[in-house]
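Naming convention: chains lettered A, B, ... in sequence-line order (proteins, then strands); numbering from 1 in each chain.
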Amino acid sequence: MLETITDVLFLKDHNTRVVVISVMLLGVSSGIIGAFLLLRKRSLMGDVLSHATLPGIGIAFILMTLMGFSGKWLPGLLLGAAISGIVGLLTMLAIRSTTRLRDDAAMGFVLSVFFGLGVAVLGMVQKMPGANAAGLESFIYGKTASMVFQDALLIGGVALVTSIVAILLKKEFTLICFDDGYASSQGWPVVLLDVVMLALVTAVTVIGLQAVGLILIIAFLIIPATAARFWTHRLDYMLLLSALIGALSGWLGAAFSGIFSNMPAGAIIVVVAASIFLISMFFGTARGVVPRLRDQARLKRRVGRQHLLRAAFEILEKQPGPITNVPVSRASLFAHRTWSPREFGRFMARAFAEDHLEPSAPDTVLLSESGFGEAARITRNHRLWELYLIRHADVAASHVDRDADMVEHILGAEIVRKLEQELGPEIGIPQSPHRI
Amino acid sequence: MPLISAHAKPVASAHLPEHPKDSPLSIHDLTVAYHRKPVIWDIDLNIPEGSLVGIVGPNGAGKSTLLKACLELIPKTSGLINVYGQPYQKQRHLVGYVPQRESVDWDFPISALDVVAMGTYRRLGWFKKVGKKERAKARKAMEQVGIGEYADRQISQLSGGQQQRVFLARALVQDAQLYFMDEPFAAVDAATEQAIVELLKDLRSQGKTCIVVHHDLATVSKYFDWLILLNMRVVAAGPTKEVFTRENLHKTYGGKLDLLDSASLALAQS
């Protein structure tokens, strides 16, 4: 059993090798084209398109059977699927432009009506005398097991060609996805480019019918692209990642459905892609949930630390006499800003751990040497920034503290140096421009 | 209102057919309608070359519509628009466009430099990739509007003012003669406003023409030497000091010119 699994996964099995490779290519193609479809904000059009292919499959079967050929000749079926998919899209566009129905209503209408029609046609086909329609319904859920060598070649070939076309048109597609008004003002034929994009989507959808099935092909178009977006802000990497995720899902999906003959490839593909999506959503380096939360927590910690040290410095500054090596009471620190007892405790604990503060008497703490230096530096930066805001940005002195608070925590050394130049000879710690 | 000296240019609309060939933009009898409801009617304009032209008017006056009609982004119901004496399709290479900032999704996965480089796409043509030359050009334009250091940032990480300057840099890269700008001053910081003003003056000194949809009446006379007051039709058009009058503004804004605007207008004129 284990041996069969590795044989199939690593393409040692000749029967499945071509099938698996073609489904992987399909994944690459739908990953790339799906990314553009997503960026053009037309993902659901893919869903309308795929559902609208079903009547075409049934009708193509009937026509081919009536003409005396085998009704299951794949290129013929796919041509029928493409034609009825396009008719579905055009119907949707017609409904949208002639009535005041909104996009979602028009899409829902076309999607369900065409799918219903398709189911009805397939039902009729089953009753057709002399025709062997068994297996046609595999287009709904997808069945890689029914693919023969020629089918795989056709699917892989179309996937390859569509990928190449999409990559060649990357610049043009990016332009219309980002700013179609500008594109049009520059003389780019936006409508034509949209038609080409939808043609590519149609091609991918149609060749994906047999392997993935019409219900799930939309997942193959959308999920890799959305998952890739969590990892990068650059389109090139997004396209690459999306293609890779598509390929990986396609590989595992086709391979596993080769091993377990009852497992439709489409379902496995969606499960694999969705798992990658979930991982990306949480851990994606560009906009995943976990990195974002971590950054927020880090900033909060840094801000809290700076507030605590500055509070200590400002309390010492107000006292008469020497300001180094003088204990500060916990109560006055706590009262200096509005913070909850819990976060105050956390910041204190952290300051102790960093050796910036050390406990002296039970109710007081002492700034250590390093703590004092850090507190003086932080206070100075804060005041420099306040002065800058007042002198150069016309911010009222009464508002300056809050604004300075937001920005000073992210001031880099470079900006501090610029501030020092800007504000001239005040090398020491300037007086606070407002009452503390 | 000061008396206009004899040297002042005549109000252009009064001399319509005079030099339409030299005009960067001449419009005759333009009407644009959405769903049979006209948005702008009977627009006649002749913009003088090398001027900074402001378009002001209340919300829904058709300012953006006028711009989009000139750029053939929306079909016109009737009328004729010429750019340097020829239809727009033949003159695209002479025209730069700065759309409204809100018209695009700033969450798009693209860097500021790549957006600016879009200004070179037209010259590049089909299938060709952006190369070193185009990138250098884009970088230069970004430095010109003061955002050179943000070239590699993803566009959502820029402030509103910086995003606006990305759009301006993209138009600069086109190296056009006539620029259409849709509300470039909307919701930008003081530094960006200043950078845009400098840029406009710079373009004018090169003999280029800028047509700018504007909303802040207080700065109109400071920024623009030519003005179009629009409210579905052209209420007045001509040199700012001639047409920027209380009377024309009341005709344009009707009851919509509120107290605050009147006050800032009075301030601007004093």
Problem set entry | chain B contact via Leu239(A) - side chain, backbone, both or neither, heavy atoms under 4.5 Å | neither
Exercise. How long is the gap from NZ on Lys128(B) to CG on Leu168(A), to the nearest 0.5 Å?
Worked result: 13.0 Å
Exercise. What is the minimum heavy-atom distance between Ser185(A) and Tyr97(B), and which atoms define it?
Worked result: OG-CD2, 3.5 Å
Problem set entry | Phe167(B) vs Asp179(A), side-chain contact (heavy atoms from CB on, under 4.5 Å): CA-CA, chis, key distance, verdict | CA-CA 11 Å; Phe167(B) 266 6; Asp179(A) 193 350; 3.8 Å; yes
Exercise. Under a 4.5 Å cut-off applied to non-hydrogen side-chain atoms, are Arg122(B) and Leu175(A) in contact?
Worked result: no
Problem set entry | Spatial distance of atom CZ (Arg234(A)) from atom CD1 (Ile110(B)) [nearest 0.5 Å] | 9.0 Å
Seminar exercise, completed: Turns out that what part of Val98(B) lies under 4.5 Å from chain A's heavy atoms comes down to neither
For this session: May I ask you to decide if Gly125(B)'s main-chain N or O and Lys171(A)'s side chain share a donor-acceptor pair within less than 3.5 Å?
Result: yes
Exercise. Can you say whether Tyr88(B) sits under 4.5 Å from chain A via the side chain, the backbone, both, or neither, judging by heavy atoms?
Worked result: side chain
For this session: Dump the intermediate steps for side-chain contact (heavy atoms from CB on, under 4.5 Å) on Gln186(A) and Met118(B), then the final yes or no.
Result: CA-CA 10 Å; Gln186(A) 290 295 289; Met118(B) 285 177 178; over 6 Å; no
Exercise. More than 12 foreign heavy atoms under 6.0 Å from OH of Tyr237(A): is that the case here?
Worked result: no
Exercise. Between Val95(B), Leu71(B), Asp105(B), which shows the greatest number of heavy-atom pairs under 4.5 Å with chain A?
Worked result: Asp105(B)
Exercise. Parallel under 30°, tilted from 30 to 60°, perpendicular over 60°: which one fits the rings of Trp188(A) and Tyr121(B)?
Worked result: perpendicular
Exercise. Below 4.5 Å, heavy atoms only, C-beta onward: do Phe127(B) and Leu169(A) meet side chain to side chain?
Worked result: yes
Exercise. Which region of Gln174(B), side chain (C-beta onward) or backbone (N, CA, C, O), has a non-hydrogen atom less than 4.5 Å from a non-hydrogen atom of chain A, or is it both or neither?
Worked result: side chain
Exercise. Relative to chain A, which segment of Asp114(B) carries a heavy atom at a distance below 4.5 Å: side chain, backbone, both, or neither?
Worked result: side chain
Seminar exercise, completed: Closest non-hydrogen atoms of Pro109(B) and Leu39(A), given as atom of the first, atom of the second and distance, are CD-CD2, 3.5 Å
